[in-house]
Amino acid sequence: MRLLKNKIKNILCTKKPISLINAIVDTSLMAQNASLASDSLNIGSVYLGSILNDTQKVIDLLKLPKYTFPLFAMAFGYPDDKPDIKPKLDDTNRLFENSYDTNHINSINFDTYDKKS
């Protein structure tokens, strides 16, 4: 994790922070599109955040050039089974208009929700 902090610190000190933010957003959007495309072909996908556990090893293994950094990895494959879609919190807990409303969050029964998922 120290390597990640040092690379981000170098980017933030030498360039505008928006450059790093744009790169992370672009990479995330690309990954989400890849996930959606694979899903349309009945191919499963999963994000692997564990790639950050030893970033230097990943950088060396993939021979990444200077100023690049692995944010996450993805695995794709055909699933053995088709699990049910997990329930989501209803829209009143996820969709807000004009402001982020936290007043009703204490009224969410997370125990009931957890039993469903």
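Positions are given from 1, in the same order as the sequence printed here. We use all heavy atoms of the structure for the numbers below, so side chains are in, but hydrogens, waters and symmetry mates are not.
Shortest non-hydrogen contact noted between V58 and I51 is CG2-CG1, 3.6 Å. The two residues F76 and A34 have their closest heavy-atom pair at CE2-O, 3.9 Å.
Between L64 and F69, the closest side-chain pair of non-hydrogen atoms is not below 4.5 Å. Within the 4.5 Å cutoff, no side-chain heavy atoms of D39 are placed close to those of S45.
Residues passing the ring pair (Phe, Tyr, Trp, His ring centres under 6.0 Å) test with F72, sequence neighbours excluded: Y47.
Cluster annotation: Y78 is connected to M74 through the hydrophobic network of ILVMFWY side chains, with a link wherever side-chain heavy atoms come within less than 4.5 Å.
One finds the OG atom of S28 at 7.0 Å from the CD1 atom of I24 (value rounded to the nearest 0.5 Å). Atoms CD1 and CG, on I59 and D54 in that order, are 9.5 Å from each other to the nearest 0.5 Å. Atom OG in S35 sits 11.0 Å away from atom CD1 in I43 (nearest 0.5 Å).
Counting non-hydrogen atoms of other residues, nucleotides and ligands closer than 6.0 Å to CG of D80 gives a total of 12 or fewer.
Its side chain within the 4.5 Å cluster rule, V46 clusters with L48 among the Ile, Leu, Val, Met, Phe, Trp and Tyr residues. Residues near L61 contribute nothing to a hydrophobic cluster around it, because no ILVMFWY side-chain heavy atom sits closer than 4.5 Å to its side chain.
Looking only at distances, a side-chain donor or acceptor of T68 sits under 3.5 Å from a matching main-chain atom of P65.
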